[in-house]
Asks: 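Shown below is the structure under consideration.
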There are 2 protein chains.
Amino acid sequence: MIKYSNGLTYKKSQTKVSSNKVAFSFSSANRGMALEEDIIQSNEYYLRNNMALIYKRPTPIQVVKVDYEKGPRITEAYFSEKSTTDFNGVYQGRYIDIEAKSTQSKTSFPLSNITKKQFEHLSNVIKLGGLAFFIVEFAKLQRTFIVEAKQVIEFKNNEERKSIPVSCFEEIGREIKRGFSPRLDYLSYVDEIHRNS
Amino acid sequence: MIKYSNGLTYKKSQTKVSSNKVAFSFSSANRGMALEEDIIQSNEYYLRNNMALIYKRPTPIQVVKVDYEKGPRITEAYFSEKSTTDFNGVYQGRYIDIEAKSTQSKTSFPLSNITKKQFEHLSNVIKLGGLAFFIVEFAKLQRTFIVEAKQVIEFKNNEERKSIPVSCFEEIGREIKRGFSPRLDYLSYVDEIHRNS
(Lines give C-alpha, C1' and ligand atoms only; values in the text may rest on other atoms or scores of the structure.)
Protein backbone atom coordinates (compact mmCIF):
# COMPACT_ATOMS: atom_id res chain seq x y z
CA MET A 1 0.00 0.00 0.00
CA ILE A 2 2.85 2.30 0.98
CA LYS A 3 4.22 2.57 -2.53
CA TYR A 4 0.94 4.11 -3.68
CA SER A 5 1.03 6.84 -1.05
CA ASN A 6 4.16 8.81 -1.92
CA GLY A 7 4.10 12.59 -1.59
CA LEU A 8 3.70 13.17 -5.31
CA THR A 9 0.63 10.99 -5.56
CA TYR A 10 -0.94 12.81 -2.60
CA LYS A 11 -0.12 16.23 -3.99
CA LYS A 12 -1.57 15.40 -7.40
CA SER A 13 -4.89 14.15 -6.23
CA GLN A 14 -5.30 16.73 -3.49
CA THR A 15 -4.96 19.36 -6.21
CA LYS A 16 -7.53 17.46 -8.24
CA VAL A 17 -9.96 17.17 -5.35
CA SER A 18 -9.65 20.82 -4.37
CA SER A 19 -10.07 22.22 -7.89
CA ASN A 20 -12.67 21.23 -10.44
CA LYS A 21 -10.75 23.01 -13.18
CA VAL A 22 -7.78 20.71 -12.65
CA ALA A 23 -10.07 17.71 -12.28
CA PHE A 24 -11.73 18.43 -15.59
CA SER A 25 -8.40 18.64 -17.37
CA PHE A 26 -7.63 15.05 -16.36
CA SER A 27 -7.84 12.39 -19.06
CA SER A 28 -10.13 9.38 -18.57
CA ALA A 29 -7.15 7.25 -17.55
CA ASN A 30 -5.97 9.89 -15.11
CA ARG A 31 -9.45 10.27 -13.68
CA GLY A 32 -9.54 6.52 -13.12
CA MET A 33 -6.13 6.77 -11.49
CA ALA A 34 -7.31 9.69 -9.36
CA LEU A 35 -10.30 7.65 -8.16
CA GLU A 36 -7.92 4.81 -7.32
CA GLU A 37 -5.67 7.19 -5.37
CA ASP A 38 -8.67 8.54 -3.46
CA ILE A 39 -9.68 5.01 -2.47
CA ILE A 40 -6.10 4.13 -1.49
CA GLN A 41 -5.89 7.26 0.67
CA SER A 42 -9.21 6.37 2.26
CA ASN A 43 -7.97 2.82 2.91
CA GLU A 44 -4.87 4.21 4.62
CA TYR A 45 -7.17 6.30 6.82
CA TYR A 46 -9.24 3.20 7.64
CA LEU A 47 -6.09 1.24 8.55
CA ARG A 48 -4.68 4.07 10.72
CA ASN A 49 -8.01 4.12 12.57
CA ASN A 50 -8.23 0.32 12.92
CA MET A 51 -11.42 0.23 10.89
CA ALA A 52 -10.39 -1.96 7.96
CA LEU A 53 -7.43 -3.36 6.07
CA ILE A 54 -8.10 -3.04 2.36
CA TYR A 55 -5.32 -3.32 -0.20
CA LYS A 56 -4.94 -2.37 -3.82
CA ARG A 57 -4.18 -5.51 -5.78
CA PRO A 58 -1.10 -5.01 -7.93
CA THR A 59 -1.67 -5.02 -11.68
CA PRO A 60 -0.79 -8.57 -12.74
CA ILE A 61 2.47 -8.63 -14.68
CA GLN A 62 3.67 -11.53 -16.80
CA VAL A 63 7.44 -11.78 -16.49
CA VAL A 64 9.12 -13.10 -19.64
CA LYS A 65 12.85 -12.39 -19.23
CA VAL A 66 14.90 -11.92 -16.07
CA ASP A 67 18.58 -10.93 -16.01
CA TYR A 68 19.91 -12.67 -12.89
CA GLU A 69 23.35 -11.06 -13.16
CA LYS A 70 21.79 -7.68 -12.36
CA GLY A 71 19.61 -7.93 -9.33
CA PRO A 72 17.60 -10.04 -10.52
CA ARG A 73 16.37 -7.50 -13.03
CA ILE A 74 13.26 -8.05 -15.17
CA THR A 75 14.11 -7.09 -18.75
CA GLU A 76 10.89 -8.18 -20.49
CA ALA A 77 7.41 -8.30 -19.00
CA TYR A 78 3.83 -7.43 -19.92
CA PHE A 79 0.77 -6.18 -18.10
CA SER A 80 -1.80 -8.98 -18.16
CA GLU A 81 -5.59 -8.67 -17.94
CA LYS A 82 -6.99 -8.50 -14.42
CA SER A 83 -8.97 -11.64 -13.56
CA THR A 84 -10.01 -10.19 -10.21
CA THR A 85 -10.75 -6.72 -8.82
CA ASP A 86 -8.91 -3.61 -7.69
CA PHE A 87 -9.20 -3.97 -3.91
CA ASN A 88 -9.76 -6.62 -1.28
CA GLY A 89 -9.32 -6.97 2.44
CA VAL A 90 -10.91 -7.40 5.83
CA TYR A 91 -13.68 -5.35 7.43
CA GLN A 92 -15.26 -6.41 10.73
CA GLY A 93 -13.83 -9.87 10.16
CA ARG A 94 -15.62 -10.13 6.82
CA TYR A 95 -13.95 -10.46 3.44
CA ILE A 96 -14.55 -7.39 1.28
CA ASP A 97 -13.88 -7.03 -2.44
CA ILE A 98 -14.16 -3.80 -4.40
CA GLU A 99 -13.85 -2.88 -8.06
CA ALA A 100 -13.48 0.83 -8.86
CA LYS A 101 -14.51 2.27 -12.20
CA SER A 102 -14.51 5.79 -13.59
CA THR A 103 -16.56 6.76 -16.62
CA GLN A 104 -16.56 9.93 -18.72
CA SER A 105 -20.24 9.41 -19.56
CA LYS A 106 -22.64 11.95 -18.06
CA THR A 107 -25.66 9.68 -18.32
CA SER A 108 -24.83 6.01 -17.68
CA PHE A 109 -22.13 3.49 -16.78
CA PRO A 110 -21.36 1.02 -19.60
CA LEU A 111 -21.28 -2.58 -18.33
CA SER A 112 -18.64 -3.29 -20.99
CA ASN A 113 -16.19 -1.73 -18.47
CA ILE A 114 -16.49 -4.90 -16.40
CA THR A 115 -14.81 -8.03 -17.74
CA LYS A 116 -16.40 -11.49 -17.77
CA LYS A 117 -13.69 -12.71 -15.38
CA GLN A 118 -14.50 -9.90 -12.97
CA PHE A 119 -18.19 -10.81 -12.99
CA GLU A 120 -17.24 -14.43 -12.32
CA HIS A 121 -14.89 -13.44 -9.52
CA LEU A 122 -17.46 -11.21 -7.81
CA SER A 123 -20.16 -13.87 -8.17
CA ASN A 124 -17.84 -16.31 -6.39
CA VAL A 125 -17.14 -13.80 -3.61
CA ILE A 126 -20.89 -13.30 -3.07
CA LYS A 127 -21.56 -17.06 -3.20
CA LEU A 128 -18.96 -17.59 -0.48
CA GLY A 129 -20.43 -14.94 1.81
CA GLY A 130 -18.02 -12.10 1.13
CA LEU A 131 -18.94 -8.45 0.69
CA ALA A 132 -18.60 -7.29 -2.93
CA PHE A 133 -19.00 -3.73 -4.20
CA PHE A 134 -18.44 -1.46 -7.13
CA ILE A 135 -17.35 2.13 -6.66
CA VAL A 136 -18.39 3.95 -9.83
CA GLU A 137 -17.33 7.51 -10.57
CA PHE A 138 -19.04 9.72 -13.12
CA ALA A 139 -16.00 11.91 -13.64
CA LYS A 140 -17.66 14.75 -15.55
CA LEU A 141 -20.53 14.90 -13.04
CA GLN A 142 -18.11 14.77 -10.09
CA ARG A 143 -20.38 12.11 -8.57
CA THR A 144 -19.23 8.78 -7.13
CA PHE A 145 -21.48 5.90 -6.14
CA ILE A 146 -21.02 2.68 -4.22
CA VAL A 147 -23.26 -0.22 -5.16
CA GLU A 148 -23.39 -3.87 -4.20
CA ALA A 149 -21.89 -6.09 -6.90
CA LYS A 150 -24.98 -8.30 -6.71
CA GLN A 151 -27.15 -5.33 -7.81
CA VAL A 152 -24.93 -4.77 -10.85
CA ILE A 153 -24.98 -8.49 -11.66
CA GLU A 154 -28.80 -8.52 -11.38
CA PHE A 155 -29.03 -5.49 -13.67
CA LYS A 156 -26.76 -7.21 -16.20
CA ASN A 157 -28.83 -10.42 -16.09
CA ASN A 158 -32.31 -8.88 -16.10
CA GLU A 159 -32.13 -5.60 -18.03
CA GLU A 160 -32.10 -5.14 -21.78
CA ARG A 161 -29.74 -2.20 -21.79
CA LYS A 162 -26.00 -2.49 -21.56
CA SER A 163 -25.36 0.50 -19.32
CA ILE A 164 -26.63 1.58 -15.91
CA PRO A 165 -28.15 5.10 -15.81
CA VAL A 166 -27.06 7.58 -13.13
CA SER A 167 -30.66 7.64 -11.86
CA CYS A 168 -30.45 3.88 -11.31
CA PHE A 169 -27.33 4.27 -9.15
CA GLU A 170 -29.35 6.63 -6.97
CA GLU A 171 -31.80 3.76 -6.39
CA ILE A 172 -29.60 0.66 -6.14
CA GLY A 173 -26.53 2.36 -4.62
CA ARG A 174 -25.47 5.30 -2.48
CA GLU A 175 -23.67 8.47 -3.49
CA ILE A 176 -20.36 8.83 -1.65
CA LYS A 177 -19.69 12.30 -0.23
CA ARG A 178 -16.16 13.57 -0.85
CA GLY A 179 -14.06 14.73 2.09
CA PHE A 180 -10.46 15.48 2.94
CA SER A 181 -9.67 12.42 5.06
CA PRO A 182 -10.96 9.99 4.14
CA ARG A 183 -11.51 11.40 0.65
CA LEU A 184 -14.16 8.79 -0.10
CA ASP A 185 -15.76 7.46 3.08
CA TYR A 186 -17.32 4.46 1.38
CA LEU A 187 -17.23 2.18 4.45
CA SER A 188 -20.05 4.07 6.14
CA TYR A 189 -22.19 3.17 3.11
CA VAL A 190 -21.00 -0.43 3.23
CA ASP A 191 -22.57 -0.67 6.71
CA GLU A 192 -25.75 1.02 5.56
CA ILE A 193 -26.14 -1.08 2.42
CA HIS A 194 -25.30 -4.23 4.37
CA ARG A 195 -27.90 -3.50 7.05
CA ASN A 196 -30.57 -2.93 4.42
CA SER A 197 -29.75 -5.95 2.28
CA MET B 1 -4.64 -18.29 -10.25
CA ILE B 2 -4.94 -19.97 -13.63
CA LYS B 3 -1.38 -19.16 -14.61
CA TYR B 4 -0.09 -21.24 -11.69
CA SER B 5 -2.06 -24.32 -12.68
CA ASN B 6 -0.63 -25.21 -16.08
CA GLY B 7 0.02 -28.85 -16.91
CA LEU B 8 3.77 -28.58 -16.33
CA THR B 9 3.38 -27.17 -12.84
CA TYR B 10 0.98 -29.95 -11.94
CA LYS B 11 3.25 -32.64 -13.36
CA LYS B 12 6.28 -31.37 -11.49
CA SER B 13 4.75 -31.27 -8.06
CA GLN B 14 2.78 -34.47 -8.46
CA THR B 15 6.10 -36.16 -9.17
CA LYS B 16 7.50 -34.52 -6.06
CA VAL B 17 4.61 -35.60 -3.89
CA SER B 18 4.64 -39.17 -5.15
CA SER B 19 8.41 -39.67 -4.82
CA ASN B 20 10.58 -38.77 -1.87
CA LYS B 21 13.74 -39.23 -3.93
CA VAL B 22 12.66 -36.49 -6.32
CA ALA B 23 11.47 -34.33 -3.44
CA PHE B 24 14.82 -34.55 -1.71
CA SER B 25 16.64 -33.49 -4.86
CA PHE B 26 14.72 -30.19 -4.82
CA SER B 27 16.53 -27.03 -3.70
CA SER B 28 15.17 -24.95 -0.84
CA ALA B 29 13.67 -22.51 -3.32
CA ASN B 30 12.08 -25.30 -5.32
CA ARG B 31 10.72 -26.87 -2.17
CA GLY B 32 9.14 -23.56 -1.25
CA MET B 33 7.74 -23.32 -4.78
CA ALA B 34 6.39 -26.86 -4.56
CA LEU B 35 4.62 -26.03 -1.29
CA GLU B 36 3.13 -22.98 -2.99
CA GLU B 37 1.95 -25.11 -5.90
CA ASP B 38 0.35 -27.59 -3.53
CA ILE B 39 -1.57 -24.79 -1.78
CA ILE B 40 -2.62 -23.29 -5.13
CA GLN B 41 -3.88 -26.70 -6.30
CA SER B 42 -5.76 -27.09 -3.02
CA ASN B 43 -7.27 -23.61 -3.43
CA GLU B 44 -8.45 -24.54 -6.93
CA TYR B 45 -10.10 -27.61 -5.42
CA TYR B 46 -11.78 -25.43 -2.77
CA LEU B 47 -13.07 -23.02 -5.42
CA ARG B 48 -14.38 -25.83 -7.67
CA ASN B 49 -16.26 -27.17 -4.65
CA ASN B 50 -17.60 -23.76 -3.55
CA MET B 51 -15.75 -24.01 -0.24
CA ALA B 52 -13.45 -20.98 -0.42
CA LEU B 53 -11.92 -18.44 -2.78
CA ILE B 54 -8.26 -18.03 -1.84
CA TYR B 55 -5.78 -16.44 -4.23
CA LYS B 56 -2.03 -16.32 -4.47
CA ARG B 57 -0.91 -12.73 -4.25
CA PRO B 58 1.37 -11.86 -7.15
CA THR B 59 4.97 -11.07 -6.22
CA PRO B 60 5.09 -7.27 -6.10
CA ILE B 61 7.04 -5.89 -9.05
CA GLN B 62 8.35 -2.35 -9.28
CA VAL B 63 8.11 -1.19 -12.88
CA VAL B 64 10.85 1.26 -13.87
CA LYS B 65 10.75 1.47 -17.68
CA VAL B 66 7.88 0.80 -20.08
CA ASP B 67 8.19 0.83 -23.87
CA TYR B 68 4.76 2.04 -25.02
CA GLU B 69 5.53 1.49 -28.70
CA LYS B 70 5.60 -2.27 -28.12
CA GLY B 71 2.54 -3.34 -26.27
CA PRO B 72 3.09 -1.59 -23.69
CA ARG B 73 6.15 -3.69 -22.88
CA ILE B 74 7.99 -3.46 -19.55
CA THR B 75 11.73 -3.25 -20.25
CA GLU B 76 13.01 -2.65 -16.71
CA ALA B 77 11.45 -3.82 -13.48
CA TYR B 78 12.46 -5.36 -10.15
CA PHE B 79 10.93 -7.77 -7.67
CA SER B 80 10.18 -5.80 -4.50
CA GLU B 81 9.94 -7.15 -0.96
CA LYS B 82 6.55 -8.53 0.03
CA SER B 83 4.84 -6.32 2.61
CA THR B 84 1.96 -8.77 2.93
CA THR B 85 1.51 -12.54 2.68
CA ASP B 86 1.26 -15.26 0.05
CA PHE B 87 -2.49 -15.90 0.04
CA ASN B 88 -5.72 -14.22 0.98
CA GLY B 89 -9.39 -14.68 0.28
CA VAL B 90 -12.83 -15.51 1.61
CA TYR B 91 -13.93 -18.53 3.63
CA GLN B 92 -17.44 -18.75 5.08
CA GLY B 93 -17.74 -15.00 4.62
CA ARG B 94 -14.63 -14.43 6.72
CA TYR B 95 -11.41 -12.86 5.51
CA ILE B 96 -8.55 -15.35 5.54
CA ASP B 97 -4.84 -14.61 5.17
CA ILE B 98 -2.11 -17.23 4.85
CA GLU B 99 1.67 -17.12 4.68
CA ALA B 100 3.41 -20.29 3.50
CA LYS B 101 6.98 -21.09 4.46
CA SER B 102 9.24 -24.04 3.75
CA THR B 103 12.36 -24.75 5.79
CA GLN B 104 15.22 -27.19 5.22
CA SER B 105 15.79 -27.44 8.98
CA LYS B 106 14.92 -30.82 10.54
CA THR B 107 14.50 -29.40 14.03
CA SER B 108 12.95 -25.92 14.05
CA PHE B 109 11.50 -23.09 11.97
CA PRO B 110 13.60 -19.88 12.08
CA LEU B 111 11.43 -16.81 12.75
CA SER B 112 13.88 -14.82 10.62
CA ASN B 113 11.95 -16.26 7.65
CA ILE B 114 9.11 -13.88 8.51
CA THR B 115 9.65 -10.19 7.76
CA LYS B 116 8.72 -7.37 10.15
CA LYS B 117 6.19 -6.11 7.59
CA GLN B 118 4.56 -9.53 7.45
CA PHE B 119 4.24 -9.63 11.25
CA GLU B 120 2.67 -6.16 11.15
CA HIS B 121 0.30 -7.16 8.37
CA LEU B 122 -0.85 -10.33 10.15
CA SER B 123 -1.29 -8.44 13.44
CA ASN B 124 -3.55 -6.00 11.62
CA VAL B 125 -5.57 -8.83 10.07
CA ILE B 126 -6.08 -10.40 13.51
CA LYS B 127 -6.95 -7.04 15.09
CA LEU B 128 -9.63 -6.53 12.44
CA GLY B 129 -11.20 -9.94 13.01
CA GLY B 130 -9.72 -11.80 10.06
CA LEU B 131 -8.38 -15.36 10.10
CA ALA B 132 -4.58 -15.49 9.84
CA PHE B 133 -2.44 -18.59 9.49
CA PHE B 134 1.02 -19.87 8.68
CA ILE B 135 1.52 -23.05 6.71
CA VAL B 136 5.02 -24.24 7.57
CA GLU B 137 6.69 -27.12 5.77
CA PHE B 138 9.69 -29.00 7.14
CA ALA B 139 10.85 -30.15 3.72
CA LYS B 140 13.39 -32.76 4.84
CA LEU B 141 10.91 -34.24 7.32
CA GLN B 142 8.10 -34.23 4.74
CA ARG B 143 5.86 -32.70 7.42
CA THR B 144 3.64 -29.65 6.96
CA PHE B 145 1.87 -27.77 9.75
CA ILE B 146 -0.81 -25.12 9.89
CA VAL B 147 -0.72 -22.75 12.85
CA GLU B 148 -2.60 -19.59 13.76
CA ALA B 149 -0.53 -16.48 13.10
CA LYS B 150 -1.38 -15.25 16.61
CA GLN B 151 0.39 -18.31 18.08
CA VAL B 152 3.54 -17.53 16.09
CA ILE B 153 3.35 -13.86 17.12
CA GLU B 154 2.96 -14.87 20.79
CA PHE B 155 5.96 -17.21 20.49
CA LYS B 156 8.02 -14.41 18.96
CA ASN B 157 7.03 -11.97 21.71
CA ASN B 158 7.32 -14.29 24.71
CA GLU B 159 10.04 -16.83 23.93
CA GLU B 160 13.78 -16.34 24.14
CA ARG B 161 14.63 -18.51 21.17
CA LYS B 162 14.44 -17.31 17.59
CA SER B 163 13.08 -20.50 16.04
CA ILE B 164 10.02 -22.67 16.68
CA PRO B 165 10.81 -26.38 17.30
CA VAL B 166 8.89 -29.06 15.40
CA SER B 167 7.57 -30.36 18.73
CA CYS B 168 6.07 -26.92 19.39
CA PHE B 169 4.17 -27.00 16.07
CA GLU B 170 2.61 -30.27 17.25
CA GLU B 171 1.25 -28.35 20.26
CA ILE B 172 0.27 -24.95 18.84
CA GLY B 173 -0.66 -26.13 15.33
CA ARG B 174 -1.93 -29.13 13.40
CA GLU B 175 -0.09 -31.38 10.99
CA ILE B 176 -1.67 -31.32 7.54
CA LYS B 177 -2.13 -34.72 5.91
CA ARG B 178 -1.10 -34.87 2.27
CA GLY B 179 -3.57 -36.12 -0.31
CA PHE B 180 -4.10 -36.11 -4.05
CA SER B 181 -6.90 -33.56 -4.30
CA PRO B 182 -6.67 -31.37 -2.39
CA ARG B 183 -2.97 -32.00 -1.87
CA LEU B 184 -3.00 -30.06 1.40
CA ASP B 185 -6.46 -29.99 2.95
CA TYR B 186 -5.65 -27.16 5.36
CA LEU B 187 -9.20 -25.76 5.53
CA SER B 188 -10.42 -28.67 7.65
CA TYR B 189 -7.78 -27.65 10.20
CA VAL B 190 -8.80 -24.00 9.91
CA ASP B 191 -12.26 -25.03 11.15
CA GLU B 192 -10.81 -27.16 13.93
CA ILE B 193 -8.35 -24.52 15.11
CA HIS B 194 -11.01 -21.83 14.89
CA ARG B 195 -13.52 -23.85 16.95
CA ASN B 196 -10.90 -24.43 19.64
CA SER B 197 -9.61 -20.86 19.78
Side-chain angles (χ1 to χ4, degrees), chain A residues 1-4 43 46-68 70-85 87-97 117 120-132 194, chain B residues 1-4 43 46-68 70-85 87-97 117 120-132 194:
Chain A
M1 203 152 65
I2 304 311
K3 70 173 183 288
Y4 292 92
N43 290 342
Y46 293 140
L47 182 57
R48 278 197 308 277
N49 292 275
N50 297 319
M51 294 166 71
L53 174 63
I54 299 169
Y55 276 114
K56 171 75 171 67
R57 283 197 178 96
T59 310
I61 291 173
Q62 193 197 0
V63 176
V64 177
K65 280 186 201 154
V66 179
D67 182 345
Y68 286 98
K70 302 172 186 166
R73 170 180 178 174
I74 299 160
T75 55
E76 185 182 349
Y78 300 91
F79 297 104
S80 37
E81 193 202 52
K82 274 194 312 183
S83 62
T84 62
T85 50
F87 299 93
N88 79 344
V90 54
Y91 176 55
Q92 297 178 350
R94 302 285 303 276
Y95 175 88
I96 184 167
D97 204 305
K117 281 182 177 179
E120 283 168 11
H121 170 74
L122 290 165
S123 301
N124 284 327
V125 169
I126 294 163
K127 197 163 55 186
L128 291 162
L131 305 170
H194 195 56
Chain B
M1 200 154 66
I2 303 311
K3 72 172 183 286
Y4 291 92
N43 290 343
Y46 293 140
L47 181 57
R48 278 196 308 276
N49 293 275
N50 298 319
M51 295 166 72
L53 174 64
I54 299 169
Y55 276 115
K56 171 73 172 68
R57 282 196 178 97
T59 310
I61 291 173
Q62 194 197 358
V63 176
V64 177
K65 279 186 200 152
V66 180
D67 181 345
Y68 286 97
K70 302 172 186 166
R73 170 181 177 174
I74 299 160
T75 55
E76 185 182 351
Y78 300 91
F79 298 104
S80 38
E81 193 202 52
K82 275 193 311 182
S83 62
T84 61
T85 50
F87 299 93
N88 79 344
V90 55
Y91 176 55
Q92 295 177 350
R94 301 286 303 277
Y95 175 88
I96 184 167
D97 203 305
K117 280 182 177 177
E120 283 169 10
H121 169 74
L122 290 165
S123 302
N124 284 327
V125 169
I126 294 164
K127 198 163 54 186
L128 291 162
L131 306 170
H194 195 57

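Reckoned from all heavy atoms, side chains included, excluding hydrogens, waters and symmetry mates. Quick caveat: nothing in here was measured; it's all calculated off a predicted structure. Throughout, protein chains are lettered first and strands after them, A, B, ... in sequence-line order, and every chain is numbered starting at 1.
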Asks: What distance do B/I61 atom CD1 and A/Q62 atom CD have between them, rounded to the nearest 0.5 Å?
Replies: 10.5 Å
Asks: Any side-chain heavy atom of B/H121 sitting closer than 4.5 Å to one from A/L53?
Replies: yes
Asks: What heavy-atom pair brings A/F79 and B/P72 nearest, and what distance separates the two atoms?
Replies: CD1-CG, 4.0 Å
Asks: Which atoms of B/E76 are under 4.5 Å from chain A, going by heavy atoms: the side chain, the backbone, both sets, or neither?
Replies: both
Asks: How far does CG of A/N88 sit from CG of B/N88, to the nearest 0.5 angstrom?
Replies: 4.5 Å
Asks: Which residues pass the ring-ring contact (aromatic ring centres under 6.0 Å, His included) test with B/F87, not counting sequence neighbours?
Replies: none
Asks: By a 4.5 Å heavy-atom criterion (distance strictly below it), what part of B/V63 contacts chain A: side chain, backbone, both, or neither?
Replies: side chain
Asks: Is there a side-chain contact between A/V64 and B/R73, using heavy atoms and a 4.5 Å cut-off?
Replies: no
Asks: Under 4.5 Å between any side-chain heavy atoms of B/R94 and A/Y95, yes or no?
Replies: no
Asks: For the candidates B/G130, B/A52, B/G129, B/G93, which exhibits the highest count of non-hydrogen atom pairs separated by less than 4.5 Å from chain A?
Replies: B/G93
Asks: Applying the side-chain contact (heavy atoms from CB on, under 4.5 Å) test to A/P58, which of B/P60, B/S80, B/P58 qualifies?
Replies: B/P58
Asks: Could you list the residues that satisfy salt bridge (charged side-chain N to carboxylate O under 4.0 Å, His left out) with A/K82, not counting sequence neighbours?
Replies: A/D86, A/E99
